[in-house]
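Worth saying up front: this structure is predicted, and the values here are computed from it rather than measured. The chains referred to below are lettered A, B, ... by the order of the sequence lines, with proteins before strands, and numbering in each begins at 1.
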Number of protein chains: 2
Amino acid sequence: MNIHQLEYILAVDQFKSFSKAADYCHVTQATLSAMVKKLEEQLDIVIFDRKANPIATTENGREILIQAQQVVAHANALLSSSKAINQKVEGRVKMGVIPTIASSMLPLILKHLVEKYPLLQLEVYEVTTNQLIKDLREGKLDVGILSTPIASTEVETELLYVEDLCVYGHLPAGSRSIAKADLAKQRMFLLQEGHCLRDQIIQLCDLKKNKSLPSNLSVESNTFDTLLNLVDEFSGLTVLPALYVGQMSEARKSHLIELTDGALTREVSLAYYRPYAKWNILNRLKAEITAKVNERLHFQALS
Amino acid sequence: MNIHQLEYILAVDQFKSFSKAADYCHVTQATLSAMVKKLEEQLDIVIFDRKANPIATTENGREILIQAQQVVAHANALLSSSKAINQKVEGRVKMGVIPTIASSMLPLILKHLVEKYPLLQLEVYEVTTNQLIKDLREGKLDVGILSTPIASTEVETELLYVEDLCVYGHLPAGSRSIAKADLAKQRMFLLQEGHCLRDQIIQLCDLKKNKSLPSNLSVESNTFDTLLNLVDEFSGLTVLPALYVGQMSEARKSHLIELTDGALTREVSLAYYRPYAKWNILNRLKAEITAKVNERLHFQALS
DNA sequence: TATTTGACATAGATAAAATCTATAACAGTG
DNA sequence: CACTGTTATAGATTTTATCTATGTCAAATA
């Protein structure tokens, strides 16, 4: 017994004709005939009196048809549900974002998201990359936004966008541009240990250790704001993600330094450990984020 | 989507394990795994979080499972119904019986049937063969009991039993036996036109026309009782079915005449035009009738 | 009463699917 | 780091559904 067979007998009962029922079900009359026969054999119940004109449903057949109605109705309900589920974006989603992305990216998307999906209960946590991966694995977070590549192979990632990294600060003799290779020679200020952007910049610029500072002063910061103040104060350099640069004051933007040989970039990606649990919602989020961010980055590139 | 797939996800949800669910469903783990995956793809909904330990049902999955429960429950209900239907013998059955069978066979079975199947509403009509076939075709009767073979090919028949035909009456010189070929030479009394037994005897005994009787007297009868009185009165012969003979008085039995060369027989069969509409009931009837009649015929043969 | 027609059944071929065995991949555990 | 238990995957096989073509049968028609 299968659902198709039940649909077939419902159609025969409705049209009082095998051939019309076959048309209705988009199969040949031969197929429908064989399937009805098979069902009758399996149930050991003759459902239709083929000699009656028009075809009649037997008494036993009627009882079977009532039940078949139920089965088919519920099967259709299931199918409808599945479609409805795929439409809706609702329920709790716990999202972790690393700080260097959170500060600039979240303002860009959050308002839009909560307005567009009022049933979506979005909970955002700012955590470091390592913590984020741990929380994903433990199920404390549904999704993370971080910078790739990452060491962990357990967590899957999907690229959201590639973001330029901009050099900010003060060069000797008021120069406004520099080659990548020369960055390591400058006094470079970085975020504290634990921020992956720090490690990326060290690798990208091949910085072994920071340029000499007054030895009684260890200068590291947790936020770009503080970092910029330090850079201005001590006349050094730092590297900022493009989205952060986009929201700086015009005064600060004037201290941006051009790279003479290409650009520094980082990848920003969605990360999940259980990619499927809230697959449809996460897919929407992904689409919304890339749309908003690319719109912004494109706008900045023009201005 | 099919019912098996729904059963599979219900089992996984229940056992929180693909392999245990597979055992439960009597399929291999590979099959169950593939089927669950296929269903998830068709619905575009991930039902299980396989990375959770033990396996967890996703939020969307839970909604699907609730519906699946319904579908499977109703499908099982349908299957149960079909079994129940096959057990029960109830409802109206309209049965036509030709007179030469009715008189002797019905008393044998009717009491037993109505007691054994109290929900069976058996309606019995005594009609001639031709009328019976007509009524079957028109749906006025569900089943008939008659003597085969019959000319009609539209009506299907199933042999119930073969009944001996016994010669009764008075031979010259008080002889107690006769050869078949000599029957035609005797004065033979028969039932009226329309009784198929009449035609069968005419054919079996090769009677062209009846032996001379007083020309101002046409002697035919509608019942064996009358016929026997005529036979006794006019000192002729007639032919009676074994079951009728079985219920005759001992006095009458003493006038039975032995055939020296084998026996005359007729077939008694069930006939239907719509063999399937009440198939299970008719099958029961068939079994009950053959059991009772053969029991009786066997008993008579011994005595 | 022969013929045509309309409808369901059947046969054989083909396509689709479910299932199996064997094995890989992978997470958790000692 | 190997071992164990669990799910996924690949490939072969069996089963099932479906199609086309044709048969059968009864009712309508000439």
J.: Under the rule for salt bridge (Lys or Arg N to Asp or Glu O under 4.0 Å), what residues qualify as partners of B/K286, not counting sequence neighbours?
T.: B/E158
J.: Mind calculating the distance between CZ (B/F15) and P (D/dT6) to the nearest angstrom?
T.: 14 Å
J.: Given atom OH of A/Y8 and atom C1' of D/dC19, what is their separation to the nearest angstrom?
T.: 12 Å
J.: By a strict heavy-atom criterion of less than 4.0 Å, which residues belonging to residues 35-44 of chain B are in contact with DNA chain C?
T.: B/M35, B/K38
J.: Please identify each residue that fulfils ring-ring contact (aromatic ring centres under 6.0 Å, His included) with B/Y117, with sequence neighbours left out.
T.: none
J.: Just N and O in the side chain of B/N2: are any of them under 4.0 Å from OP1 or OP2 of C/dA17?
T.: no
J.: So which pairs with a foot in residues 74-95 of chain B pass ring pair (Phe, Tyr, Trp, His ring centres under 6.0 Å), sequence neighbours left out?
T.: A/H74-B/H74
J.: Give the rounded distance in Å between these two atoms: CG of A/D23 and C1' of C/dG6.
T.: 14 Å
J.: Rounding to an integer number of Å, can you tell me how far A/L6 CG sits from D/dA17 P?
T.: 12 Å
J.: Counting just side-chain N and O atoms, does A/S33 come under 4.0 Å of either OP1 or OP2 of C/dT10?
T.: no
J.: May I have the distance from A/R50 (atom CZ) to C/dG6 (atom C1'), rounded to whole angstrom?
T.: 17 Å
J.: Partners of B/H195 by ring-ring contact (aromatic ring centres under 6.0 Å, His included), sequence neighbours excluded?
T.: none
J.: What is the distance, rounded to the nearest whole Å, between atom NZ of A/K16 and atom C1' of C/dA7?
T.: 16 Å
J.: Salt bridge (charged side-chain N to carboxylate O under 4.0 Å, His left out) for A/K88 and B/E59? Distances and angles first, verdict last.
T.: CA-CA 12 Å; A/K88 83 177 181 202; B/E59 278 176 49; over 6 Å; no
J.: Please name all residues satisfying salt bridge (Lys or Arg N to Asp or Glu O under 4.0 Å) with B/K38, sequence neighbours left out, ordered by chain then number.
T.: none
J.: Within the sub-3.5 Å range, which N or O atoms of nucleotides 20-29 of chain C have a protein N or O partner, and how far apart are they?
T.:
{"unit_1": "C/dC20", "atom_1": "OP2", "unit_2": "B/T28", "atom_2": "N", "d": "2.8"}
{"unit_1": "C/dC20", "atom_1": "OP2", "unit_2": "B/T28", "atom_2": "OG1", "d": "3.1"}
{"unit_1": "C/dC20", "atom_1": "OP2", "unit_2": "B/T31", "atom_2": "OG1", "d": "2.9"}

J.: Would you please name every residue forming a salt bridge (Lys or Arg N to Asp or Glu O under 4.0 Å) with B/D135, sequence neighbours left out?
T.: none
J.: Test of understanding: with ring-ring contact (aromatic ring centres under 6.0 Å, His included), list the residues that count as partners of A/Y161, not counting sequence neighbours.
T.: none
J.: Measure the OG1-CD1 distance between A/T58 and B/I85 for me, rounded to the nearest 0.5 Å.
T.: 8.0 Å
J.: Separation of A/K20 atom NZ from C/dG6 atom P, in whole Å?
T.: 11 Å
J.: Can you tell me how far P of D/dT18 sits from CD of A/E7, to the nearest Å?
T.: 10 Å
